[in-house]
Every structure is written in structure tokens, then in C-alpha cells.
Amino acid sequence: MQEVYLIRHTTPKVKPGVCYGISDVDVVESFNEEVDDIKHLLNGFSPELVAASPLIRCQKLAVSLFSDLDINTDNRLMEMNFGDWEMKLWADIDRSTMKTWSADFVNIPTPNGECFNDLYQRASGFMDELIRKSDSLKVALVTHSGIMRCLCSRYLHIPLSKVFRLKLNYGAVIKLTLHSDFEEVEFIK
């Protein structure tokens, strides 16, 4: 059995309405309070392995939560690459291009970026490798909403096109319990 805690980064320091994915934005001033909330949600969970997105908003959280452990950085845990849309206001993105992408974001990539299925493949590849390492492991993954949604799609069998119905606030924690013959998913917050 593997216990995998998916932990979303805290509130990023970015203006509302800005498209950001792989952009390396920092966190807001309430970071320490948000970390305390997440520690409470983890309720003493002590992982054997910690992996995180290399983006600063995840690195800071991983170090704050698990300062006594090595943090393994993995690019597959990064948020979706929005390409030419990175750090632009959603309202400023060409409406025609946005409409086409929105109609099938699972398969249509953003200009010079990824589609949601690309993100799913990265997240699944990471999990496949993790599962091969050991069938008994406690893991913390400090990552992004997109990665968490992809893994929820995988383990809850939700179509990728519907997974945005799940509400994942900053600092959200999801526990995956992976058995050899079934999976459990628990939304802690």
C-alpha cells in the first residue's frame, strides 16, 4: 500500500485574472499562516519521500513543510504550460483562439504550450514510476492544481473534460491510498 498526499501550493503573488502555469511566481505575504493550516491538515503525516514541482511556489512550501527531508524536484510535477498566454490577462487573450481552445482544451494545446492531455501524461508518467519504486511507501507531492486534477481524473475515473468541477483551493490536500487491487481518494481540504 502507498499513501500519497497531494498538496497544492499556497496563494501565489499574481494579480487576479492573470494566466499563469509554468511561470515562476512567488507566494503572498500570508504564506506562513497558510503553511500552518496545511500542517494541521497533514495531522503529523511523515513521508518517506517528498517530490515537488521546481517552481518557487511549490519549493517554498515543500521546504517549509518537510525541512528535515530531501526534496526531490521533478519537472513532471510542474503546472500546465500555457505558452504564449503565460502572464497575460485572460481577458486580453484573443477570443477566437480562446473559444477554439476552450471547446477541447483536453486535446488542443495553447499557442506554443500544452493541452490538458499533455499534463495528464506527465502526471501519470510520474505516478507510474513512483508505483514501480515500491508498493509500500509514504509520499508527499507538493504541486499544482492541474497535476492534482489529472491524478484525480486517473484515480476517480473522471473524464479530463469534467475534472474542473472539483474545487481545489490553494493549500488543498488530497490523500491517495493505492493498494495493489484498488485505490482510495480522500479530499482532506
Side-chain angles (χ1 to χ4, degrees), residues 2 4-28 31 34-35 38 47 49-67 69-90 93 101-102 105-133 137 139-156 158 160-161 163-164 166-176 185:
Q2 288 184 327
V4 181
Y5 279 74
L6 308 175
I7 306 164
R8 186 178 183 195
H9 61 79
T10 60
T11 307
K13 194 173 194 173
V14 63
K15 292 179 183 176
V18 170
C19 175
Y20 67 97
I22 63 166
S23 295
D24 206 7
V25 297
D26 206 344
V27 294
V28 296
F31 174 74
E34 292 180 68
V35 169
I38 295 168
L49 173 72
V50 178
S53 160
L55 300 178
I56 194 166
R57 57 193 184 266
C58 292
Q59 287 296 308
K60 280 187 174 182
L61 180 57
V63 169
S64 293
L65 292 173
F66 307 109
S67 60
L69 298 171
D70 290 333
I71 310 298
N72 299 289
T73 301
D74 196 301
N75 288 345
R76 294 174 292 180
L77 296 176
M78 290 174 66
E79 184 58 278
M80 187 168 144
N81 178 354
F82 286 99
D84 295 347
W85 297 355
E86 288 284 334
M87 298 310 292
K88 288 186 177 181
L89 288 170
W90 285 102
I93 296 170
W101 176 75
S102 296
F105 65 91
V106 172
N107 298 301
I108 297 174
T110 59
N112 295 308
E114 294 179 295
C115 66
F116 201 56
N117 192 49
D118 293 334
L119 186 66
Y120 179 85
Q121 295 304 320
R122 279 199 281 121
S124 288
F126 178 87
M127 288 303 292
D128 290 343
E129 184 179 306
L130 182 67
I131 291 166
R132 281 192 301 271
K133 283 184 179 181
L137 192 62
V139 181
L141 301 182
V142 182
T143 188
H144 308 270
S145 168
I147 294 292
M148 293 171 73
R149 290 175 194 284
C150 288
L151 295 176
C152 284
S153 171
R154 176 178 170 151
Y155 292 110
L156 291 173
I158 300 170
L160 287 174
S161 62
V163 78
F164 280 89
L166 298 174
K167 185 174 182 178
L168 294 176
N169 294 327
Y170 298 116
V173 177
I174 298 172
K175 179 184 176 185
L176 304 176
V185 178

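- To the nearest 0.5 angstrom, I38 atom CD1 is 13.5 Å from Y5 atom OH.
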Side chain to side chain contact (heavy atoms under 4.5 Å, CB included) between L49 and L130, intermediate numbers included: CA-CA 10 Å; L49 173 72; L130 182 67; 3.5 Å; yes

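- With hydrogens and angles ignored, the 3.5 Å screen pairs no side-chain donor or acceptor of T10 with any backbone N or O of F31.
- Not a single donor-acceptor pair under 3.5 Å links the side chain of E86 to the backbone N or O of N81.
- For T11, the side chain to side chain donor-acceptor pair (under 3.5 Å) partners two or more places apart in sequence, or in a different chain, are E34.
- Contact record, E79 with G21: CB-O, 3.4 Å, taken as the closest heavy-atom pair.
- Between W90 and W85, the angle of the ring planes goes over 60°, which puts this pair in the perpendicular group of the 30/60° scheme.
- Using a 4.5 Å heavy-atom cutoff, the side chains of L89 and K15 are not in contact.
- The salt bridge (Lys or Arg N to Asp or Glu O under 4.0 Å) check on D128 picks up R154, with sequence neighbours excluded.
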Show the numbers, then the answer: is there a side chain to side chain contact (heavy atoms under 4.5 Å, CB included) between I174 and L168? CA-CA 9 Å; I174 298 172; L168 294 176; 3.6 Å; yes

What's the verdict on side chain to side chain contact (heavy atoms under 4.5 Å, CB included) for L151 and V185, showing C-alpha distance, side-chain angles and the deciding distance? CA-CA 10 Å; L151 295 176; V185 178; over 6 Å; no

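- When side chains are defined from C-beta on, I147 does not count as touching L6, because their heavy atoms never get closer than 4.5 Å.
- Ring orientation note: the planes of H9 and Y170 are tilted relative to one another, at an angle of 30° to 60°.
- When side chains are defined from C-beta on, V139 does not count as touching L176, because their heavy atoms never get closer than 4.5 Å.
- Judged by distance alone, with hydrogens and angles left aside, the side-chain atoms of R57 form no donor-acceptor pair with the main-chain N or O of H144 at under 3.5 Å.
- The backbone N or O of G125 lies less than 3.5 Å from no partner atom in the side chain of E129, so there is not a single donor-acceptor pair.
- Checked by atom type and distance alone, the side chain of Q59 pairs as donor or acceptor with a backbone atom of S53 at under 3.5 Å.
- Here the closest heavy-atom approach between residue F82 and residue C19 is recorded as CG-SG, 3.4 Å.
- At a cut-off of 3.5 Å, with distance as the only test, a side-chain donor of N112 or D84 sits close to an acceptor on the other residue.
- Considering every non-hydrogen atom in both C58 and V142, the closest pair reads O-CG1, 3.4 Å.
- In this structure, S145 OG and K167 NZ are separated by 12.0 Å, a value rounded to the nearest 0.5 Å.
- The backbone N or O of V163 lies less than 3.5 Å from a partner atom in the side chain of R149, making a donor-acceptor pair.
- To the nearest 0.5 Å, atom CZ of residue F66 and atom CD1 of residue I7 are 4.0 Å apart.
- Side-chain atoms of S153 come within 3.5 Å of backbone atoms of I158 as a donor-acceptor pair (strictly under, hydrogens ignored).
- Heavy-atom minimum distance, I22 versus L55: O-CD2, 3.4 Å.
- When side chains are defined from C-beta on, D70 does not count as touching V50, because their heavy atoms never get closer than 4.5 Å.
- From F126, atom CZ reaches atom OG1 of T143 across 8.5 Å, with rounding to the nearest 0.5 Å.
- Contact between K13 and V25 at its shortest, heavy atoms only, is O-CB, 4.2 Å.
- Shortest non-hydrogen contact noted between I131 and Q2 is CG1-OE1, 3.5 Å.
- In this structure, CG on L65 lies 8.5 Å from CD1 on I71, to the nearest 0.5 angstrom.
- At least one donor-acceptor pair closer than 3.5 Å links the side chain of D24 to the backbone N or O of I56.
- Atoms SG and CZ, on C150 and F116 in that order, are 3.5 Å from each other to the nearest 0.5 Å.
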